[in-house]
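Here you go, one structure.
Chain identifiers are assigned alphabetically (A, B, ...) following the order of the sequence lines, protein sequences preceding nucleic acid strands; residue numbering begins at 1 within each chain.
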Protein chains: 2
Amino acid sequence: MENRVTALLREKGFKVTPQRLAIYKVLANSKAHPSAENIFQQLQPYYPTMSLATVYKTVEILKEIGLIQVLNAGEDSFRYDADTSMHPHIRCLQCGRVDDLHDIDINTFIGQVAEKTPYRLTGQQFYFYGCCPVCQGKPAN
Amino acid sequence: MENRVTALLREKGFKVTPQRLAIYKVLANSKAHPSAENIFQQLQPYYPTMSLATVYKTVEILKEIGLIQVLNAGEDSFRYDADTSMHPHIRCLQCGRVDDLHDIDINTFIGQVAEKTPYRLTGQQFYFYGCCPVCQGKPAN
DNA sequence: TAATAACGAATAATAGTTATCTATTTATAT
DNA sequence: ATATAAATAGATAACTATTATTCGTTATTA
Ligand SMILES: [Mn+2]
Ligand SMILES: [Mn+2]
Ligand SMILES: [Zn+2]
Ligand SMILES: [Zn+2]
């Protein structure tokens, strides 16, 4: 699983370092769409000398070589996702969690837009907002 | 047209000031989805003493009372839109302009998501990315 | 018109992100 | 294995969008 990352980094002219592999692994093993700060905190115990700037530089590289995608769900910071397939996201406005929406047909919608817009389409992001199951169970504080 | 804004501000307990009306008017008369900085610059000649902080406070109020919506199209700043109807947006990755996508059926898509997610849905934003007609005409620099 | 609550402008502060600099590490060729 | 050159990590400073604070001014209401 890391072989693919290693190979792709080298192929694109980037060096393979433990920090980069670790940062990718955090994203690949998470469904929580962590922010740079999140990633940094998760790796603190294992890479106590790593700086936040390294996280930012690394996610930029990972995005460039197509290993991750960057999300901007209307928050004050970006989130990162190792699942680069096109899928909508939903954010809980109470607790802030961001989940995937799978098994949704997005192609009909995209096709409709492609037909009507004079733009040449290259990508899209779909963000839904609401209240997650956990927060629905809680009394509204 | 300003009567509605005036009335709504008062009704919600906010005072009606020339700055607020001017900021709303900029948004209502624009299809460019300006940022706070854009709004500020447009009003500079007419309100040379107005500060950027006033723009930020005002758009926050306008959002709260439902007169505008806030967009986050993956840029480093927010954009504001006086058209509060739910409509997708498309951003040109070359020149940065953000346009509306009208006459698109979004309800089928939203309905599909509402059925499948355990979240209680309250809103959504759809962002498309691509190359606008103007930039397509240009040689790729 | 006077009282009062809200406001605008100026300023400082905050937070996410990016740039710079240098010792260290990786990749590659001996 | 070792040497060499290029790229990197970490430390730090800088930058930018946004928010908070303060205080003299203004809009509202009676
Ligand atoms: Mn995802
Ligand atoms: Mn719009
Ligand atoms: Zn929640
Ligand atoms: Zn363009």
Side-chain angles (χ1 to χ4, degrees), chain A residues 2-3 5-26 33-41 43-65 68 70-80 96 98, chain B residues 2-3 5-26 33-41 43-65 68 70-80 96 98:
Chain A
E2 286 179 6
N3 297 336
V5 183
T6 299
L8 197 55
L9 278 169
R10 282 226 185 84
E11 181 189 327
K12 299 284 183 177
F14 297 105
K15 293 192 172 174
V16 178
T17 67
Q19 292 89 341
R20 289 177 178 174
L21 295 177
I23 288 167
Y24 178 77
K25 197 186 287 185
V26 166
H33 308 92
S35 65
E37 180 70 33
N38 288 156
I39 298 170
F40 175 69
Q41 285 173 4
L43 289 176
Q44 270 285 87
Y46 310 103
Y47 296 84
T49 69
M50 191 171 66
S51 86
L52 189 53
T54 296
V55 177
Y56 278 108
K57 282 185 289 193
T58 299
V59 292
E60 173 65 23
I61 289 171
L62 294 177
K63 181 194 71 178
E64 273 181 24
I65 65 180
I68 67 172
V70 181
L71 308 183
N72 194 334
E75 299 166 294
D76 51 1
S77 58
F78 293 96
R79 289 167 177 265
Y80 304 92
V98 172
Chain B
E2 286 179 7
N3 296 336
V5 183
T6 299
L8 197 54
L9 278 168
R10 282 225 185 83
E11 181 189 327
K12 300 283 185 175
F14 296 104
K15 292 192 173 175
V16 178
T17 67
Q19 291 91 337
R20 289 176 179 176
L21 295 177
I23 289 167
Y24 178 77
K25 196 184 289 185
V26 166
H33 308 91
S35 66
E37 180 70 32
N38 288 156
I39 298 169
F40 175 69
Q41 285 174 4
L43 290 176
Q44 270 285 85
Y46 309 103
Y47 296 83
T49 68
M50 189 171 68
S51 86
L52 191 53
T54 297
V55 176
Y56 277 109
K57 280 185 290 192
T58 299
V59 291
E60 173 66 25
I61 290 171
L62 294 176
K63 182 194 71 177
E64 273 182 22
I65 66 181
I68 66 172
V70 181
L71 307 183
N72 193 334
E75 299 167 293
D76 53 359
S77 57
F78 292 96
R79 288 168 177 265
Y80 305 91
V98 172

Q: Using the closest heavy atom to pick a nucleotide of DNA chain C for each, name whichever of A:V16 or B:M50 lands nearer the 5' end.
A: B:M50

Q) Among the nucleotides D:dA11, C:dA9, D:dT18, which one has an atom lying closest to any side-chain atom of B:K57? A) C:dA9

Q | Phosphate OP1/OP2 of D:dA17 contacted by B:S77 side-chain N/O (<4.0 Å) | A | no

Q: Between B:A36 and A:P48, name the one whose nearest nucleotide on DNA chain D is closer to the 5' end.
A: A:P48

Q) Would you find a donor on one side and an acceptor on the other, under 3.5 Å apart, between the side chain of A:R20 and the backbone of A:K15? A) yes

**Q.** Residue of the set A:T54, A:I39, A:V70 for which side-chain contact (heavy atoms from CB on, under 4.5 Å) holds with A:V59
**A.** A:I39

**Q.** Closest to side chain of B:R10, choosing from D:dT28, C:dT17, D:dA9
**A.** D:dT28

Q.
Has B:R79 got a side-chain atom pairing as donor or acceptor with B:L71's backbone, closer than 3.5 angstrom?
A. no

Q: Please round to the nearest 0.5 Å and tell me the distance separating atom OH of A:Y80 and atom OH of A:Y24.
A: 16.0 Å

Q. Given atom CD1 of A:I23 and atom C1' of D:dT8, what is their separation to the nearest angstrom?
A. 12 Å

(Q) Please confirm whether the shortest side-chain N or O distance from B:Q19 to OP1 or OP2 of C:dA9 is below 4.0 Å. (A) yes

Q) Is the distance from OP1 or OP2 of C:dG8 to the nearest side-chain N or O of B:R20 less than 4.0 Å? A) yes

(Q) With a 4.0 Å cut-off on N to O distance, would you call A:E60 and A:K63 a salt bridge? (A) yes

Q: Round to the nearest Å and state the distance from A:F78 atom CZ to C:dA15 atom P.
A: 18 Å

Q) Below 4.0 angstrom from OP1 or OP2 of D:dT18, is there any side-chain N or O of B:Y56? A) yes

Q. Heavy atoms under 4.0 Å, any strand shown: does B:T49 hit a base, just sugar-phosphate, or nothing?
A. sugar-phosphate

Q. Once you round it to whole Å, what is the distance between C1' of C:dA15 and CG of B:D76?
A. 14 Å

Q) Tell me: CD1 of B:I61 to P of D:dA20, nearest whole Å? A) 13 Å

**Q.** Nucleotide C:dC7, atom C1' - distance to OH of B:Y47 in whole Å
**A.** 15 Å

Q: Would you mind telling me which of C:dA27, D:dA11, D:dT26 lies closest to the side-chain atoms of A:A53?
A: D:dA11

Q.
Using whole Å, what does the distance between atom P of nucleotide D:dA9 and atom OH of A:Y46 come to?
A. 20 Å

Q. Mapping B:P18 and B:L52 to their closest nucleotides on DNA chain D, which lands nearer the 5' end?
A. B:L52

Q) When the distance from NZ of B:K15 to P of D:dA27 is rounded to whole Å, what number comes out? A) 9 Å

**Q.** A:F14 side chain, from C-beta outward: closest of C:dT26, C:dT11, D:dT8
**A.** D:dT8

(Q) Rounding to an integer number of Å, can you tell me how far B:K12 NZ sits from C:dC7 C1'? (A) 20 Å

Q.
On the nucleotide D:dA11, are OP1 or OP2 found under 4.0 Å from the side-chain N or O atoms that A:S51 carries?
A. no

Q. Taking only side-chain nitrogens and oxygens of B:T17, does any of them come within less than 4.0 Å of OP1 or OP2 of D:dA27?
A. no

Q: Could you tell me whether the side chain of B:N38 reaches within less than 4.5 Å of the side chain of B:V26, counting heavy atoms only?
A: no

